[in-house]
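Here is the structure we will look at, set down as structure tokens.
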Number of protein chains: 2
Amino acid sequence: MADGSTPPDSMNTAVGSDSEAGKLVGSDRVLAVLKELARYPDGVSLVEMTRAMNSPKPTIHRALTSLCRSGLADRDARGHYVLGDELLRMAFAHYDARPEHVRLQSALKQLAEKFQETAHYAVLDGREVVYRAKVDPHGGAVRMTSVIGGRNPAHCTAIGKVLLSRRLLTREAVEAWVGGAALQRRTPQTMCTAEELHQALEQTRCQGFGIDDQENEVGVNCLAVPVFLKSPSEPTGAVSISALTYRKPIGALIASVDAIRDVLASSATERA
Amino acid sequence: MADGSTPPDSMNTAVGSDSEAGKLVGSDRVLAVLKELARYPDGVSLVEMTRAMNSPKPTIHRALTSLCRSGLADRDARGHYVLGDELLRMAFAHYDARPEHVRLQSALKQLAEKFQETAHYAVLDGREVVYRAKVDPHGGAVRMTSVIGGRNPAHCTAIGKVLLSRRLLTREAVEAWVGGAALQRRTPQTMCTAEELHQALEQTRCQGFGIDDQENEVGVNCLAVPVFLKSPSEPTGAVSISALTYRKPIGALIASVDAIRDVLASSATERA
DNA sequence: ATCATCATTCCATTAATTGGAATGCCTGAT
DNA sequence: ATCAGGCATTCCAATTAATGGAATGATGAT
């Protein structure tokens with residue numbers, strides 16, 4: 001079983017391919033160690049970390065010592081380094097206090113419970129969406145792998161499409177946004193050309209909600225409606241319901257769109 | 001409304017009284033900036049941070065730049081610095097992956113739903129308990145202010161008492177643990193002497209669960225049962241239900257203890 | 001008892017941090 | 001349009017801390 005440590009893969013948005021990075025120094029290296037440390041929920045020994053960062057042992061040792069001193073890291077019973085309570089407290093407290101979350105948490109819970117599916121809130125950041133809040137339903141045997149702070153390409157998610165639909169009004173705008181690089185294909189359904197995307201955005205604009213019919217992951221579909229936290233015209237982000245296709249096909253989600261809007265409306269006024 | 005920024009108070013376990021700390025340097029200062037940054041959910045400007053840390057502007061600027069470079073901090077629309085998506089992703093992903101959490105998350109959800117009260121999992125760390133997982137019930141008008149990674153004195157919490165009851169077997173042991181410093185009084189009910197505490201631990205040992213009858217906060221009571229994640233004899237931590245006294249007095253909690261144990265037992269076997 | 005592995009400490013060299021001061025940039029007032 | 005004030009950003013020489021190869025403890029397995 002999970003004895004020692006689990007050096008996982010699959011992470012990171014773009015920048016830091018930790019291992020062989022261009023030799024970071026000083027504080028940057030300490031921060032890189034912190035980020036690497038987060039990848040080992042079971043803890044990691046100094047030598048393992050040394051290998052992962054391929055840096056001399058004393059350097060890593062100092063970095064870890066520094067992290068421990070500030071409470072951002074801790075050592076478990078076996079002497080392995082793990083993320084510290086202080087870091088977790090920091091992150092969760094900050095998260096709980098963020099205005100967008102306090103205003104959406106209850107709505108997301110209601111949605112997750114009502115539909116027994118995962119509810120997300122996410123914002124647009126360039127060509128990707130960033131998940132800012134997430135509520136899982138209760139009993140679910142399967143769980144979404146999404147994580148707060150995690151990302152997905154905007155063009156193949158319901159949230160991305162509904163947010164893009166209000167920004168990319170013309171075919172030219174869509175083409176400019178798509179830019180040189182082709183859109184990543186995630187599934188056979190993914191829309192990978194500016195033309196397809198433009199069509200989809202037109203439709204999204206008309207109906208006022210975005211859908212993702214297994215365009216990001218086979219077997220999962222999604223419906224998203226925009227959320228206006230600041231301006232009444234510019235959405236700050238969008239809320240989505242992600243469902244397993246076999247249990248709740250995209251048609252069922254579309255049929256529920258009014259119910260979703262009701263939940264959002266009622267828990268918005270609740271605070272207003 | 002929440003225009004600028006909100007420099008809060010009330011935090012930290014012991015060590016870093018940020019503001020006038022003994023002039024940290026190098027990476028330590030960067031980490032201190034990171035911790036301070038977490039206190040401003042609405043973001044903070046460079047000068048504000050400069051004041052908060054009372055350090056020269058360029059230094060803080062470099063620290064923040066460094067944090068941004070690694071994704072641990074970001075800048076919002078107004079140019080204010082906030083905790084970065086990367087930090088949140090890190091913390092939440094790490095949290096989700098921790099063995100103790102994957103094994104308890106579902107049980108806590110069931111407890112929170114069943115009793116419509118907040119369920120916690122916490123471990124003992126010296127004279128305090130550290131909350132490691134938390135699930136709030138749905139509709140609740142009031143919410144516990146506890147945060148994951150947060151702490152409370154062990155002697156006035158149900159979790160602390162049930163865990164201590166298995167470690168401090170004799171009156172002498174209790175006295176040694178209490179040590180010189182008197183136990184902090186949180187409410188009129190708080191047990192502040194070794195004698196009182198020893199009595200309470202005796203009873204806790206007999207009944208196999210710990211209670212906190214408004215000993216930590218007036219109007220809130222709590223019941224905790226130990227959890228054995230590793231060894232079958234030494235508890236790794238404890239799970240508690242925290243309830244508002246007027247809604248569910250301590251007697252009601254005690255009456256529910258078997259139901260609580262059932263939930264824990266069933267979701268333990270579920271994974272075994 | 002011996003060996004292997006890992007954590008920790010040492011210290012001269014090296015290279016990065018430091019912070020006072022100057023500059024650039026934006027916003028709002030006149 | 002112009003100016004003032006507040007803020008972010010950049011400069012640079014002196015200083016100070018980080019660096020890492022090597023030595024030393026600590027720990028546990030054979």
Side-chain angles (χ1 to χ4, degrees), chain A residues 3-7 16 18-37 40 42-70 72-84 230-231, chain B residues 3-7 16 18-37 40 42-70 72-84:
Chain A
D3 59 292
S5 50
T6 319
D18 310 308
S19 4
E20 39 72 41
K23 275 292 151 111
L24 298 173
V25 288
S27 333
D28 289 315
R29 178 148 27 181
V30 175
L31 296 178
V33 170
L34 178 61
K35 289 172 64 177
E36 181 68 16
L37 183 60
Y40 301 78
D42 296 323
V44 62
S45 74
L46 193 159
V47 275
E48 285 172 309
M49 181 60 81
T50 296
R51 270 193 288 274
M53 305 282 296
N54 79 134
S55 296
K57 212 192 305 192
T59 303
I60 301 301
H61 181 258
R62 263 192 306 268
L64 288 169
T65 304
S66 206
L67 289 170
C68 286
R69 193 177 327 135
S70 64
L72 265 35
D74 267 332
R75 314 191 61 170
D76 67 12
R78 302 188 302 265
H80 282 191
Y81 293 91
V82 283
L83 242 43
K230 292 171 190 165
S231 133
Chain B
D3 59 292
S5 49
T6 321
D18 310 309
S19 4
E20 40 71 41
K23 275 295 149 119
L24 298 173
V25 286
S27 330
D28 289 315
R29 176 145 31 179
V30 176
L31 295 178
V33 170
L34 178 61
K35 287 172 65 178
E36 181 68 15
L37 184 59
Y40 301 79
D42 296 324
V44 63
S45 74
L46 193 158
V47 274
E48 285 172 309
M49 181 62 80
T50 296
R51 270 193 288 273
M53 305 283 296
N54 81 123
S55 295
K57 213 191 306 190
T59 304
I60 300 300
H61 182 256
R62 264 191 306 268
L64 288 168
T65 304
S66 205
L67 289 169
C68 286
R69 192 176 328 135
S70 64
L72 265 34
D74 267 333
R75 314 192 60 169
D76 67 11
R78 302 187 301 264
H80 283 189
Y81 294 90
V82 282
L83 242 42

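Here the structure is a predicted model, which means the values were calculated and not measured.
Within the 4.5 Å cutoff, the side chain of A:L34 has heavy atoms near those of the B:L72 side chain. Put simply, the side chain of B:V82 does not reach to within 4.5 Å of the side chain of B:D42, judged on heavy atoms.
Donor-acceptor pairing under 3.5 Å is recorded for the side chains of B:S55 and B:R29.
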Mind listing the N/O atom pairs, protein and nucleotides 25-30 of chain D, below 3.5 Å?
none

Shorter than 3.5 Å, N or O on both sides, protein versus nucleotides 9-16 of chain C: list them out with atom names.
none

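For the pair B:T59 and A:G79, both in contact range of DNA chain C, the more 5′-proximal nearest nucleotide belongs to A:G79.
Between atom OH of residue B:Y40 and atom CD of residue B:E48 there is a gap of 7.0 Å, rounded to the nearest 0.5 Å. Expressed to the nearest 0.5 Å, how far CG of B:L67 lies from OG of A:S27 amounts to 8.5 Å. Distance CE/B:M53 to CG/B:L37: 10.0 Å, rounded to 0.5 Å.
A distance-only check finds a donor-acceptor pair linking the side chain of A:T65 to the backbone of A:H61 [under 3.5 Å].
Shown here are the side-chain contact (heavy atoms from CB on, under 4.5 Å) partners of B:T50, two or more places apart in sequence or in another chain: B:L46, B:K57, B:I60.
Comparing C:dT8, D:dC7, D:dT9 against the side chain of B:Y81 picks out D:dT9 as the nearest.
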